[in-house]
Amino acid sequence: MINDFGQLALVSILSHLVFIAISWWALQSIRLEKLIRPNHVFQARLLYILLAIFIGSSVSNFFLDYLQWSRQLPLIFNN
């Protein structure tokens, strides 16, 4: 039981990091500099980081929820 929590924690951390990295990579294709005022480079970089974290965490949570539900689905047939 305790090992399951450790494994789930490791999968969650890795999932979040992977999906944040994928989100960062995908955001590089968007030209946000047209929307950002000139000479606000730091704010633009911070916006990219925050968007990558938000999108990556959301996708990772969906993936982890789906994984959890698929593991719980066989419990329907136990009763």
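All figures in this text were calculated on a predicted structure; none of them were measured in a lab.
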Suppose the criterion is salt bridge (charged side-chain N to carboxylate O under 4.0 Å, His left out): which pairs have a residue in residues 14-31, not counting sequence neighbours?
Arg31-Glu33

Starting at CG of Leu27, measure out to CD1 of Ile22 and round the result to the nearest 0.5 Å.
12.0 Å

Verify the cluster assignment for Ile30 and Ile20: are they in a single hydrophobic cluster under the rule of side-chain heavy atoms below 4.5 Å apart?
yes

If you look only at distance, which donor and acceptor atoms sit under 3.5 Å apart when one is on a side chain in residues 65-74 and the other is two or more places apart or in another chain?
| unit_1 | atom_1 | unit_2 | atom_2 | d |
| --- | --- | --- | --- | --- |
| Ser70 | OG | Tyr66 | O | 3.3 |
| Ser70 | OG | Leu67 | O | 2.8 |

Please table the atom pairs, donor to acceptor, closer than 3.5 Å between any side-chain atom in residues 49-58 and protein atoms at least two apart or in another chain.
| unit_1 | atom_1 | unit_2 | atom_2 | d |
| --- | --- | --- | --- | --- |
| Ser57 | OG | Ile53 | O | 2.8 |
| Ser58 | OG | Phe54 | O | 2.9 |

Mind listing the closest non-hydrogen atom pair of Ala26 and Ser29 along with its distance?
O-OG, 2.7 Å

Quick one: list whatever passes side chain to side chain donor-acceptor pair (under 3.5 Å) with Ser23, sequence neighbours left out.
none

Measure the acute angle between the ring planes of Phe19 and Phe63, then classify it against the limits of 30° and 60° as parallel, tilted or perpendicular.
tilted

Going hydrophobic residue to hydrophobic residue with side-chain gaps under 4.5 angstrom, can you get from Val18 over to Val59?
yes

Residue list, side-chain contact (heavy atoms from CB on, under 4.5 Å) with Leu14, at least two apart or on another chain:
Leu10

Once side-chain contact (heavy atoms from CB on, under 4.5 Å) is applied, do any residues pair with Gln43, and if so which ones, sequence neighbours excluded?
His40

Which atom names give the shortest non-hydrogen contact between Ser15 and Ser60, and what distance separates them?
OG-OG, 2.7 Å

Hydrophobic clustering (ILVMFWY, side-chain heavy atoms < 4.5 Å, transitive) - are Leu64 and Ile13 grouped together?
no

